Amino acid sequence: NGVLKIAKNLIENALKYSESHVEIKLSLEDKIFRLTVSDEGPGIAPNEKQAIFKRFYRVGSEETRKSTGTGLGLFIVKQIVDKNQGKVTIQANTPSGSVFQVEMNIS
């Protein structure tokens, strides 16, 4: 199921990079599914926000990365969202971290 893959990838990323806790919000209103995953990790630089959805892209460099991964999680999220004519956005979390939000019509 696409929704489950999206949730799994976003939550796994948030847990991997968060310094303390992760907040997950799910809603369904007028056939619009909305998932918001917020973390308190290091965040994503503005110049990398579009690149993170590319296949195999990973934030930072091999020398500075503290976690392992393939760089496919957010690529998969974006592919599923696009296939379902949805949208995925990323914003900075205050005071640190990221907020990912996915919206899709599930009619």
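When reading the values below, keep in mind they use all heavy atoms of this one structure, side chains included, and skip hydrogens, waters and symmetry mates. The model shown is predicted, which means the values in this text are computed figures rather than measured ones. Quick note: residue numbers are just sequence positions, from 1.
Note that CD1 of I11 is 14.0 Å distant from NZ of K16, once rounded to the nearest 0.5 Å. D39 CG to H21 NE2: the interatomic distance, rounded to the nearest 0.5 Å, is 9.5 Å.
Among pairs with a residue in residues 84-99, none fulfils side chain to side chain donor-acceptor pair (under 3.5 Å), at least two apart in sequence or across chains.
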Exercise. Is there a side chain to side chain donor-acceptor pair (under 3.5 Å) between E40 and S20 once you walk through the steps?
Worked result: CA-CA 6 Å; E40 294 180 354; S20 58; 2.4 Å; yes
For this session: For L35 and F33, run side chain to side chain contact (heavy atoms under 4.5 Å, CB included): C-alpha distance rounded to whole Å, both residues' side-chain angles, the deciding distance at 0.1 Å, then the answer.
Result: CA-CA 7 Å; L35 168 66; F33 163 80; 3.7 Å; yes
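Residues V81 and I6 meet the side-chain proximity criterion, which asks for heavy atoms closer than 4.5 Å. Under the 4.5 Å side-chain criterion, counting only non-hydrogen atoms from C-beta, I80 is in contact with K5. The side-chain heavy atoms of I90 and V99, taken from C-beta on, include no pair separated by under 4.5 Å.
Although no hydrogens or angles enter the test, the distance criterion places no donor-acceptor pair under 3.5 Å between the side chain of D30 and the main chain of I32.
The minimum heavy-atom distance between A14 and V37, with the atom names listed, is CB-CG1, 3.6 Å. For M104 against G86, the heavy-atom pair with the smallest separation is CG-CA, 4.0 Å.
When the side chains of ILVMFWY residues are joined at heavy-atom separations under 4.5 Å, either directly or via intervening members, L4 and L10 end up in two distinct hydrophobic clusters.
With sequence neighbours excluded, the residues satisfying side chain to side chain contact (heavy atoms under 4.5 Å, CB included) with F53 are L74, K78, V88, F100.
Between K8 and E12 there is a salt bridge, since at least one side-chain N of the basic residue sits less than 4.0 Å from a carboxylate O of the acidic one.
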